[in-house]
Amino acid sequence: MNTDKIKLTLGNQAYYPAINQIKFEGKESDNPLSFKYYNEEQVVGGKTMREHFKFAVAYWHSFCGNGSDPFGPGTIRFPWDKVNDPLERAKNKMDAAFEFISKLGVPYYCFHDFDLIDEGSTIKESEQRLSKITDYAKEKQQASGIKLLWGTANVFSNPRYMNGAATNPEFDVLSYAGAQVKNALDATIKLGGENYVFWGGREGYMSLLNTNMKKEIDHLAKFLHLAKDYARGQGFRGTFFIEPKPMEPTKHQYDFDAATVIRFLNEHGLSDDFKLNIEVNHATLAQHTFQHELQVASDAGLLGSIDANRGDYQNGWDTDQFPNNPLEVTEALLVLLQNKVKLDGGINFDAKVRRNSTDYHDLFYAHIGAMDVFARSLIAADKILSDSDYLKLREERYASYNQGKGKSFDEGKLSLVDLYNHAKSIDEPLLKSGKQELFENIINQYI
Ligand code: XLS
Ligand code: NI
Ligand code: NI
């Protein structure tokens, strides 16, 4: 992106004045405000890095989250928070957001409805506010070329949703969630959003004693059908995504993990329109690896989006740290490349800087590091697939199904008695090594 474009995206004030456009300088550069690996035009496996990743900045963590936690208030003082008028404040925040995203050179952003502007005291007031701020967003998008990857509704923060949104035992609350999702869909469509995400933060239970789980899950499915039908009726052609997470804030979330969500989508006739948005830290909270969740979703043909972050090996909660582990990301990208997954929903950095990272530079370092780790891992994963014996070694483990009785079994031509007769006609099978350490060494060799 050129400097003129950046100027266009600035409002009256620069919010990140000390930072210029972040450029690719290669891994020998010692400029911390440069990309060492992410070179958006570099072609890897037939596509540019820009096309592979479709990186997005998350509005909520980057421009709303001020570092507050259950033990203390925010530590990051956003200059726009000093302004009293909600629309003015929201516009200033948006100026900052577009300045940041332009300087970083990321093509997309993602938001919840009330990340953009504070919720009003009535539905009508919220609607008016959203309408004004999305007018402004439209201008900013046009001036900068930055696009909306997906929108979503925050139907988990307002106290009214304490017992759930689409799964609330009270119909009136469910209706409020419906109104909010309608308006968030309208905002997404107005801004040319490419996808729409549902993360069911409070769609789950705290205690089964007071919960009719079957009814709640049925309501969730009905609600999603209504949302999908409405959006399609408004001409929305993008993909809807469900973002699995096992727990937090509820004890048990209905969209527990990829396997659970796939079954839910199939059971309720939603899998033609909905796919999965896999988040790293949600995978690990569900006691899976990121790679596992991607593989499960991809095998079902339902993988289309990633919320990139990482958890902490020592902590059990959703710490939403920026990705920095080349091994974890390489293993993930191996799944994407092998299965030729098209990431319509791209890669959104659903991650936040630490509470004590209080300089605005830190938000740049965090994104630069995350983009670099993806770029570096992409190069490694591509090489592993094209230069190493990795695929061959894995295929060899299954070679016995390529001919003879093994092939007939795969084709569904054998009975249990056929297996019995075959087993009786041969000696005890030889032990064949799984060679896990060799596989691990190959991955590390290319990182
Ligand atoms: C929370 C989720 C949330 C969704 C969007 O854990 O990751 O941030 O991505 O509502
Ligand atoms: Ni999360
Ligand atoms: Ni997320």
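All ligand and atom numbering here is 1-based and tracks the order in the structure. All residue numbers in this chain count up from 1 along the given sequence.
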For ligand 1, is any non-hydrogen atom under 4.0 Å from [X]'s backbone (N, CA, C, O), its side chain (CB onward), both, or neither?
X	result
Glu248	neither
Asp307	side chain
Val197	neither

### Task
Please calculate the OD2(Asp307)-the Ni ion (ligand 3)-OE1(Glu279) angle and round it to 10 degrees.
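Output for this angle: 100°, rounded to tens.
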Exceeds 12 heavy-atom contacts within 6.0 angstrom, atom [atom1] of [X]:
X	atom1	value
Lys383	NZ	no
Gln128	CD	yes
Arg160	CZ	yes
Tyr176	OH	no

### Message
Could you tell me if Lys91 sits above the aromatic ring of Tyr136, with its cationic atom closer than 6.0 Å to the ring centre and no more than 45 degrees from the axis?
### Response
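Cation-pi check for Lys91 and Tyr136: passes.
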### Message
Rounded at 0.5 Å granularity, tell me how far OH in Tyr196 sits from OG1 in Thr152.
### Response
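These two atoms lie 4.5 Å from each other.
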### Message
Distance check, rounded to the nearest 0.5 Å: Lys275 atom NZ versus Ser305 atom OG?
### Response
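Answer rounded to 0.5 Å: 10.5 Å.
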Any nitrogen or oxygen of [X], main chain or side chain, under 3.5 Å from a nitrogen or oxygen of ligand 1?
X	result
His282	yes
His61	no
Thr152	no
Trp150	no

### Query
What residue and heavy atom of the protein are closest to atom 2 (C) of ligand 1, and at what distance?
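The answer is Glu243 OE2, 3.3 Å.
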Would you mind running through ligand 1 and noting each atom that sits below 4.0 Å from a heavy atom of [X]?
X	value
Asp350	2 (C), 3 (C), 4 (C), 7 (O), 8 (O), 9 (O)
His112	5 (C), 10 (O)
Lys245	1 (C), 6 (O)
Asp318	6 (O)

### Query
Closest to the Ni ion (ligand 3), which N/O/S atom of Glu243 is it?
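Looking only at N, O and S atoms of Glu243, the one nearest the Ni ion (ligand 3) is named OE2.
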### Query
Do you know which N/O/S atom name in Asp350 is closest to the Ni ion (ligand 3)?
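For Asp350, the N/O/S atom sitting closest to the Ni ion (ligand 3) is OD2.
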### Message
With no hydrogens and no angle check, just 3.5 Å: does a side-chain donor-acceptor pair link Gln253 and Tyr205?
### Response
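Not at all, the side chains of Gln253 and Tyr205 share no donor-acceptor pair under 3.5 Å.
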### Message
Exactly one of Tyr108, Tyr38, Tyr109 should register a ring pair (Phe, Tyr, Trp, His ring centres under 6.0 Å) with Phe55. Which one does?
### Response
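Single pass found, and it is Tyr38.
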### Message
Rounding to 10°, state the angle centred on the Ni ion (ligand 2) that links NE2 in His282 with OD2 in Asp318.
### Response
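If I round to 10°, I get 90°.
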### Message
Can you tell me which residue among Asn325, Asn281, Asn324 is in a side-chain hydrogen bond (donor to acceptor under 3.5 Å, both in side chains) with Arg310?
### Response
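Going through the options one by one, the only one that passes is Asn324.
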